[in-house]
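Below is one structure, written out as structure tokens; comments come after it.
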Amino acid sequence: MNQKTATRILILLVAIGLLTLFFSFDLHQKMTLEGLKSGLAQLHAWRDAAPLQMALGYFFLYVLTTALSLPGALVLTLAGGAIFGFVQGFVLVSFASTVGATLAFLAARYVLRDWVQQRFGEKLKPMNDGIEKEGAFYLFTLRLVPVFPFFLINLLMGLTKMRTLTYYWVSQVGMLAGTVIYVNAGTQLAAIESLKGIISFPILLSLAALGLFPLITKKILDIFKKNKIYAKWNHLKPSKFDRNVVVIGAGAAGLVTSYIAAAVKARVTLVEAHKMGGDCLNYGCVPSKALIKSAKLAQQIRQADHYGLKAAQPEFSFRQVMARVNEVIKKIEPHDSVERYTALGVEVLQGYGRVINPWTVEIKNEHGVTQTLTTRSIVIAAGAQPFVPPLPGLDEVGYVTSDTLWEKFSMFDAPPKRLVVLGGGPIGCELTQAFARLGVQVTQIEMAGRLLSREDAEVSEILTESMRSDGVTILTEHKALRCECREADGVTVKTIVVEHGGIERHIEFDELLCAVGRVARLQGYGLEELGIPTQRTVVTNEYLETLYPNIYAAGDVAGPYQFTHTAAHQAWYASVNALFGQFKRFKVDYSVIPAATFTSPEIARVGLNEQEAVQKGIAVEVTRYGIDDLDRAIADGTDHGFVKVLTVPGKDKILGVTIVGEHAGDLLAEFVLAMKHGLGLNKILGTIHTYPTLSEANKYVAGEWRRAHTNQTVMKWLARYHAWRRG
């Protein structure tokens, strides 16, 4: 037992001891209105005999009562007025109540906060963020209403991260109104028949209104702040608007936003400067998955003997493989096409959208023709683009990104012989493995200690082993220093220089792929001119509003996640808040965000993983099921990987799931549903899963959890019962 734990136990024991004494000596009977009235003459005598000692004793008793949350604080407040008069009583009560409340606050913080934050830290994060941002305001509001149980405020606020000094002064000021009322009542103690008679219903109503006053004030200040933001633009605000909403960017966020707006009969214009469908359709999810499928089939041909067939080296035309990728894009294009969205009621304009004031968007098409639209709301959904590191010599040797490789590689009859991939994140790993399986000699360079550093270490290890078996050279903890280009025997030799452990290494390549992340597109949309703050993304609040409440941002340009499905998720909030925010606004819910990396094996996750739980100090219980034991996986020859579930210790509540294996992204959906709707592992265990399917892995991991929580004592008695039944 460490010293801090021992101190906590000591504090609890002291508090319990004092409470026991309080009730053992019937002190709670003394701290009643009748007890105060009956002993008032004696109290006056003590005051007259020793006024300073009496005041100090009263102050100490009040502090102790409040600090221990003992019943009787109200009677003590009346006593302050009855014994010392209004002025002295008010001063004593005001400071004693605040000191006692602060001690209760500190005690709750020292004894309970670490445990509560560790156990419920993820759930309390929004509360902690709110307290950090506006905690003083809400504490002040609560303190203005004396009928609210103050001891509860002391305990609950102690569990948050509010600064002690802030808590003290806000409590001191906030409790003044109640202190005045009760101390003044104490000066008229003889006329008080019951505690209920101190405050009449009209006074209670007035205090409640007083408590609402800060909220009303905040609303007024918000309106004032809003008007101040718009002040320099108000002369440009139109009396009528051409559109209800204009959306800039036709990726996932922009498409869904405009679709929802049209569905509720709003007049919406969608502006796209390049290709409908955005990055996902044209450069990301769709082409990469098409390439991965071809690469996976090539690998299966090499490993055909595993299925009782003759293994062979796959023969293929790389140009045809890339042609198929482009065909897949074209086949999906109609889903995101101008024609489809026009039919849905969306006006689609091809051109560059630029916000020129909070209600006006200028659209310039490829011919330089400009169109200006006024609109109630604007949604910026400009997406993101690959980040290109400032590597010396990079431009000279040439490079591709996850956006540009499709067009360039489609021109090749054969894949590049030697490919260097910078980056060990999801995009880098997916493309590295795909090209390796198509016969490319791939070297993957990652500056961190392992691939997919946000996943658990065992996940990285499994993927690293798989990729190395595919022929990939993986260089972790290697820092790219520069690129060089030289002529040798009339041939241009391109090299990247990396450093590891203080030693430089030169790696020759034919093509270089930069896959070190993506950055939001923040330039060219008028954000700078309007003064809309940007950091790595457009800065928004929990409603996706920018500095201007009628201008929203959604998708990769807003962050914090760069997933197509998250962009679509945000789009609902952006569109609904933009169209109906004057009645009701909705905060974006990021509580359950799934993600998948489509390597072999696939890696899928939702919620916490083990390393995040450790970093955040969240206690979890880990349950694991190996897919190598699953019938369907064995039959398919994909019996590798696992399902790992993190739950609240001792409970079946799911905090996070990691799946590694075939179709992991598909298997994850059941857990996403369970977490979203508060279903535990027992519900999954009680659900029929088709046999033989991979989805049974989800049921079996729930079964592993159930077995680990079987009451062994009950099992022993059941064994005895059945033995008795056998005779």
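This structure is a prediction, so every number in the text was calculated from the model and none was measured.
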If you measure from the Lys or Arg side-chain nitrogens to the Asp or Glu carboxylate oxygens, is any gap between [X] and [Y] under 4.0 Å?
{"X": "E430", "Y": "K289", "answer": "yes"}
{"X": "R605", "Y": "E612", "answer": "yes"}
{"X": "E696", "Y": "K699", "answer": "no"}

Side-chain heavy-atom pair [X], [Y] within 4.5 angstrom cut-off:
{"X": "R376", "Y": "Q582", "result": "no"}
{"X": "F586", "Y": "N577", "result": "yes"}
{"X": "I659", "Y": "F671", "result": "yes"}

Residues D589 and S591: side-chain donor-acceptor under 3.5 angstrom: yes
Residues forming a ring pair (Phe, Tyr, Trp, His ring centres under 6.0 Å) with Y167, sequence neighbours excluded: F105
Residue list, ring pair (Phe, Tyr, Trp, His ring centres under 6.0 Å) with H689, at least two apart or on another chain: none
Atom of L255, atom of S258 and distance for their closest heavy-atom approach: O-OG, 3.0 Å
Heavy-atom pair with the smallest gap, counting every atom of A619 and L655: O-CD1, 4.3 Å
Geometric class of the Y561/F563 ring pair [parallel <30°, tilted 30-60°, perpendicular >60°]: parallel
Contacts of type side chain to side chain donor-acceptor pair (under 3.5 Å), residue R267, not counting sequence neighbours: none
